[in-house]
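Because only heavy atoms are used, hydrogens play no part in the values below, and waters and symmetry mates are left out as well, while side chains stay in. The chain is numbered in sequence order, starting from 1. Whatever order the structure lists ligands and atoms in, that order sets their numbers, starting from 1.
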Amino acid sequence: MSHDDDVRTVHRICPLCEATCNLELRIKGRTIELARGDRDDVYSHGYICPKGSAIGHLESDPDRIRAPRIRDRATNTWRDVEWDEAFAYIDAHLTPLLERSGRDSVAIYAGNPCAHNLAPQVYNRVLIQSVRTKNVFSASTVDQMPKQVSAGYMFGAALSIPIPDVDHTDYLLILGANPFASNGSLMTAPDIPGRLRAIRNRGGKIVVVDPRRSKTATEADEWLAIVPGTDTLFLLAIANVLFAEGLADPGDHLRDHVSGLDTVESLVAPYSPDAVARACGIDASTIYRIARELAAAPSAAVYGRIGTTTTEYGTLASWAVDVVNVLTGNLDRRGGAMFNLPAIGGGNSGGAGGVGRGIKVGRRVSRVANLPEVFGEFPAATLPDEIETPGEGQVRALITIAGNPVLSNPDATRLDRAFASLDFMVSLDIYCNETTRHADVILPPEGLLARGHIDLALRSLGIRNVAHYSPPAVELEAHEYAEWRTLLRLAAIMQGLGSSDDAVDTVDDFVLRGLVERAVGRPGPFEGRDADAVVAELSAGGRRGPERVVDLMLRTGPYADQLNLDALIEHPHGIDLGPLQPRVPDVLRTPSGTIELAPEPIVADVRDRLPELLDERSHSDAGLLLVGRRDLRSNNSWMHNLRVLVKGKPRCTLHIHPDDAQRLGLADGKLARIASTSGSLDVPVEVTDAIRVGVVSIPHGWGHDGPGVELSIAREHAGVNSNVLTRPDLLDPLSGTSALNAIPVEVAAIS
Ligand SMILES: Nc1nc2c(c(=O)[nH]1)N[C@H]1C(S)=C(S)[C@@H](COP(=O)(O)OP(=O)(O)OC[C@H]3O[C@@H](n4cnc5c(=O)[nH]c(N)nc54)[C@H](O)[C@@H]3O)O[C@H]1N2
Ligand SMILES: Nc1nc2c(c(=O)[nH]1)N[C@H]1C(S)=C(S)[C@@H](COP(=O)(O)OP(=O)(O)OC[C@H]3O[C@@H](n4cnc5c(=O)[nH]c(N)nc54)[C@H](O)[C@@H]3O)O[C@H]1N2
Ligand code: SF4
Ligand SMILES: [Mo]
């Protein structure tokens with residue numbers, strides 16, 4: 001580590017998306033002068049995208065918050081403060097509130113970068129437990145929660161998500177994902193464009209199901225322009241064909257490990273291709289053909305993402321994806337959909353495998369809307385209800401951790417108003433943006449180079465088994481405070497331990513102690529060892545914080561014989577642990593010890609709710625349906641302040657098919673007014689035949705021209721907040737996840 005102005009090369013994993021590319025950074029002191037792909041990396045082999053290249057601009061952005069700041073409510077002005085003052089201020093406001101109004105009066109919202117940064121990955125849980133609030137919310141319920149619920153029911157753990165084995169598959173059916181823009185999600189795969197092209201180069205086939213002709217669709221063999229929200233019907237029709245034609249066969253490797261086949265057969269019986277064709281907008285003959293192709297391919301994988309999860313039937317669609325993977329014999333098989341085995345271990349490794357407790361949801365319900373808890377959270381869509389509805393347990397304070405719900409959650413206008421009404425708000429963030437402008441205190445993290453990085457959840461979603469750690473490259477500067485200490489200092493305040501920095505180490509030691517006691521008390525490499533000795537060993541050389549916890553995970557994980565944190569430090573280009581391997585039955589943690597194809601809540605939802613969808617989409621004219629989209633140079637709501645990424649033509653436009661444009665009198669470049677039952681927006685029109693008739697698209701994460709937003713470049717390219725249009729009432733009931741796609745809207749020209 002050096003502090004001087006030497007020019008050095010360091011390597012670190014890019015924290016900006018799920019691909020986890022390794023970056024080669026030329027740094028001078030603390031300044032990133034150049035970012036390139038690391039050609040020696042075992043996983044990304046030099047791949048980089050425009051966002052990764054721009055990471056130096058992100059780090060040096062003059063609009064970034066560098067010091068803690070407190071807002072004076074009377075004048076609505078900010079002043080920078082010392083860290084001690086910031087925490088004392090929080091203690092002075094939150095502690096009395098907790099005493100007066102109870103634990104549930106404080107809510108927590110954790111945003112997407114929590115999955116990409118070490119501190120929140122390890123310590124968010126500690127903060128949540130310290131607040132002891134029921135009111136926990138996160139970006140998961142505007143994202144992947146349906147997949148976690150379906151995987152939890154079918155395989156027994158929330159992260160037992162089958163990953164398409166893209167490097168070996170012969171046939172990939174992609175629904176509602178655009179990896180050429182997103183670089184892949186629930187499928188950690190650096191250089192996914194290259195890996196997808198390789199499928200076709202080796203004679204394989206890619207079919208993309210998407211209402212838009214996305215970049216991924218143009219790179220595929222076939223594009224199926226589905227009606228938004230109907231993927232479950234399409235997939236069940238494929239299953240229907242597989243049963244009807246005697247092609248449904250889980251394969252020799254799975255036959256003894258699957259239950260519920262008969263139930264699925266009867267469930268899908270009404271959903272023949274002919275029955276769903278009109279609703280899906282896809283010819284019956286095409287559905288028959290795709291089913292037969294999937295069954296006949298030497299190996300095949302079905303993969304669904306945002307366009308399937310963030311719909312009213314998100315859990316059913318996620319389940320149907322894996323039902324088809326099982327029925328075509330492709331689950332847990334090379335080239336099919338497989339399970340990762342991450343080095344840090346997880347809910348489906350360790351202990352005795354093959355059977356478990358499965359998952360439980362709905363252990364409590366939300367106070368106002370009676371929505372069930374899912375994996376410890378309530379649906380993000382109901383946060384405004386909890387803030388605005390008086391009564392015992394009303395949310396009066398909020399802590400946001402790396403989240404921008406005002407741009408990312410549904411019914412944004414109401415949420416924005418609700419935040420303004422809070423008694424107190426703390427935000428951990430790098431910007432003063434649409435959400436954090438409402439905070440009383442903003443606490444910024446240390447610079448990227450000053451933190452260590454390792455991916456935890458993302459590694460269980462990899463298309464290979466890889467272990468990788470990036471140590472800090474520079475020391476903390478005097479004004480900086482590590483984000484892990486911020487999280488634990490807040491936890492200490494919530495526990496009534498006061499606001500001093502001393503409490504951080506106490507809490508950290510307590511957390512580690514608990515984890516060590518668990519490790520020595522159960523089967524594994526540390527079983528039966530003396531807890532004190534283990535703690536001392538892990539703390540050697542003064543190691544503490546998240547790195548010490550990660551070291552424990554590695555030393556008790558599935559590769560404990562070869563891996564610990566020091567070994568990873570010695571391998572700055574990562575350690576490749578090989579391609580995915582078959583893991584059934586060991587991976588299962590279901591109560592039955594089988595892959596449960598027909599979990600009761602899913603069966604009930606298919607029976608009770610799905611017929612409505614079929615009926616509605618088959619018989620009525622749905623009008624226009626709104627979907628989202630992503631752009632390669634954008635990252636949800638928070639990379640729009642970098643000129644290198646936002647220059648060029650505006651990206652926040654309304655895509656509409658020429659036929660619809662003509663019917664409505666809309667012209668390219670002119671403004672249109674788009675309205676849903678939640679709100680309305682004026683947005684520039686981009687007429688394009690790369691979208692299905694009857695569908696319009698606006699990307700999310702824009703709308704940076706609000707009061708108090710300190711994003712000078714983003715403001716010049718403000719765009720509109722598409723979540724003004726998304727609706728709190730459109731929700732997948734099994735996962736609490738918002739429908740952010742297939743929103744009924746009306747569009748009119750502005751004269
Ligand atoms: N309509 C519509 N809405 C959507 C989606 C959609 O497809 N359509 N997609 C949804 C999805 S998939 C997601 S994941 C959510 C995202 O929803 P959110 O997580 O709520 O929003 P982000 O835009 O990711 O905001 C991330 C925040 O973290 C801050 N940040 C960045 N790096 C750091 C850091 O190192 N430390 C700290 N403390 N803060 C940091 C940024 O400044 C920003 O404020 O949006 C969802 N919303
Ligand atoms: N460049 C960039 N990369 C990102 C992000 C980003 O904002 N920008 N965000 C990151 C995050 S948080 C996530 S979760 C991932 C998401 O990764 P992806 O899931 O790949 O996300 P999108 O690129 O939005 O692709 C979703 C596609 O679904 C289509 N779609 C919409 N509705 C439906 C439907 O009902 N059915 C079907 N079949 N398709 C539909 C849309 O037209 C769109 O093409 O991307 C991550 N990577
Ligand atoms: S693809 Fe994702 S991980 Fe790779 S450089 Fe781009 S943003 Fe970073
Ligand atoms: Mo996401």
field: Heteroatom proximity flag, Asn112 to ligand 1, N/O under 3.5 Å
entry: yes

Identity and separation of the nearest protein heavy atom to atom 33 (C) of ligand 1: Ile430 CG2, 3.9 Å

statement: Residue, atom and distance of the protein heavy atom nearest atom 9 (N) of ligand 1 read Arg630 NH2, 3.1 Å

query: Of all residues at least two apart in sequence or in a different chain, which pass the salt bridge (charged side-chain N to carboxylate O under 4.0 Å, His left out) check with Glu386?
result: Arg367

- request: Could you tell me whether the side chains of Arg630 and Asn636 share a donor-acceptor contact shorter than 3.5 Å?
  value: yes

message: Quick check on contacts: which atoms of ligand 1 are under 4.0 angstrom from a heavy atom of Ser637?
response: 22 (P), 23 (O), 25 (O)

Protein residue, atom and distance nearest to atom 39 (N) of ligand 1, heavy-atom basis: Ala402 CB, 3.3 Å

- prompt: Taking side chain as C-beta onward, heavy atoms only, is Arg212 less than 4.5 Å from Arg629?
  reply: yes

- prompt: Is there a heavy atom in Gly701 that sits closer than 4.0 Å to ligand 1?
  reply: no

- request: State whether the side chain of Glu24 and the backbone N or O of Ala35 hold a donor-acceptor pair below 3.5 Å, judged by distance alone.
  value: no

message: Check this for me, if you would: do Arg464 and Asp576 make a salt bridge, where the nitrogen-to-carboxylate-oxygen distance has to be below 4.0 angstrom?
response: yes

field: ligand 1 contact on Asn117 by region, counting heavy-atom pairs under 4.0 Å
entry: side chain

message: Among residues at least two apart in sequence or on other chains, which ones pass side-chain hydrogen bond (donor to acceptor under 3.5 Å, both in side chains) with Glu716?
response: Arg643

query: If we only count N/O pairs under 3.5 Å, is Asn723 in contact with ligand 1?
result: yes

- prompt: Charged N to carboxylate O below 4.0 Å: is that the case for Asp705 and Arg715?
  reply: no

message: Please confirm whether Arg451 approaches ligand 1 to less than 4.0 Å, judged on its heavy atoms.
response: yes

message: For atom 6 (C) of ligand 1, what's the nearest protein heavy-atom neighbour? Residue, atom name and distance, please.
response: His700 ND1, 3.3 Å

field: SB check Asp631 Arg633 (cutoff 4.0 Å)
entry: no

message: Going by the rule side-chain hydrogen bond (donor to acceptor under 3.5 Å, both in side chains), which residues pair with Asp416 if we only count those two or more places apart in sequence or in a different chain?
response: Arg437, His438

- request: Among all protein heavy atoms, pick out the one at the shortest distance from atom 18 (P) of ligand 1; state its residue, atom name and that distance to 0.1 Å.
  value: Ser408 OG, 3.4 Å

Side-chain ion pair, Glu477 and Arg30, N-O less than 4.0 Å: yes

- line: If you count every protein N, O or S atom closer than 2.8 Å to atom 4 (Fe) of ligand 3, you should arrive at 1

message: Check Glu59 with Arg64, please: is the shortest side-chain N to carboxylate O separation under 4.0 Å?
response: yes

field: Salt bridge flag under 4.0 Å for residues Asp210 and Arg305
entry: no

Contacting atoms of ligand 1, where contact means under 4.0 angstrom from a heavy atom of Tyr109: 17 (O), 18 (P), 20 (O)

- request: May I ask you to list the atoms of ligand 1 that are less than 4.0 angstrom from any heavy atom of Asp143?
  value: 12 (S), 14 (S)

- prompt: Quick one: does Leu428 get an N or O within less than 3.5 Å of an N or O on ligand 1?
  reply: yes

message: Suppose I only count heavy atoms of Ser722 and a 4.0 Å limit; which atoms of ligand 1 are within that range?
response: 1 (N)

task: State whether the number of non-hydrogen atoms from other residues, nucleotides or ligands found under 6.0 Å of Arg36 atom CZ is greater than 12.
output: no

- prompt: So which protein heavy atom does atom 41 (C) of ligand 1 come closest to, and at what separation?
  reply: Asp429 OD1, 3.4 Å

query: Which one holds for Asn433 and ligand 1: side chain close, backbone close, both close, or neither close, with close meaning a heavy atom under 4.0 Å?
result: side chain

query: Does a donor on one side chain and an acceptor on the other come within less than 3.5 Å for Asn183 and Glu18?
result: no

query: Under 3.5 Å, is there a donor-acceptor pair between the side chain of Asp429 and the main chain of Tyr431?
result: yes

query: Which ligand 1 atoms are under 4.0 Å away from a heavy-atom of Tyr431?
result: 42 (O)

message: One thing to verify: whether Arg69 and Glu710 come together as a salt bridge, which I'm taking to mean a side-chain N less than 4.0 angstrom from a carboxylate O.
response: yes

message: For Arg66, I'd like to know if atom CZ has over 12 heavy atoms of other residues, nucleotides or ligands within 6.0 Å.
response: yes

task: Just need the protein heavy atom nearest to atom 10 (C) of ligand 1, so name the residue and atom and give the distance.
output: Val142 O, 3.1 Å

- request: For Pro405, counting its heavy atoms only, list the atoms of ligand 1 lying under 4.0 Å from any of them.
  value: 20 (O)

- request: Could you list which atoms of ligand 1 come closer than 4.0 Å to a heavy atom of Ile306?
  value: 7 (O), 12 (S)

field: Heavy-atom nearest neighbour in the protein, as seen from atom 38 (N) of ligand 1, with distance rounded to 0.1 Å
entry: Glu483 OE2, 2.6 Å

- line: Per-atom filter on ligand 1: closer than 4.0 angstrom to a heavy atom of Pro113 are 24 (O), 26 (C), 28 (O), 31 (C)

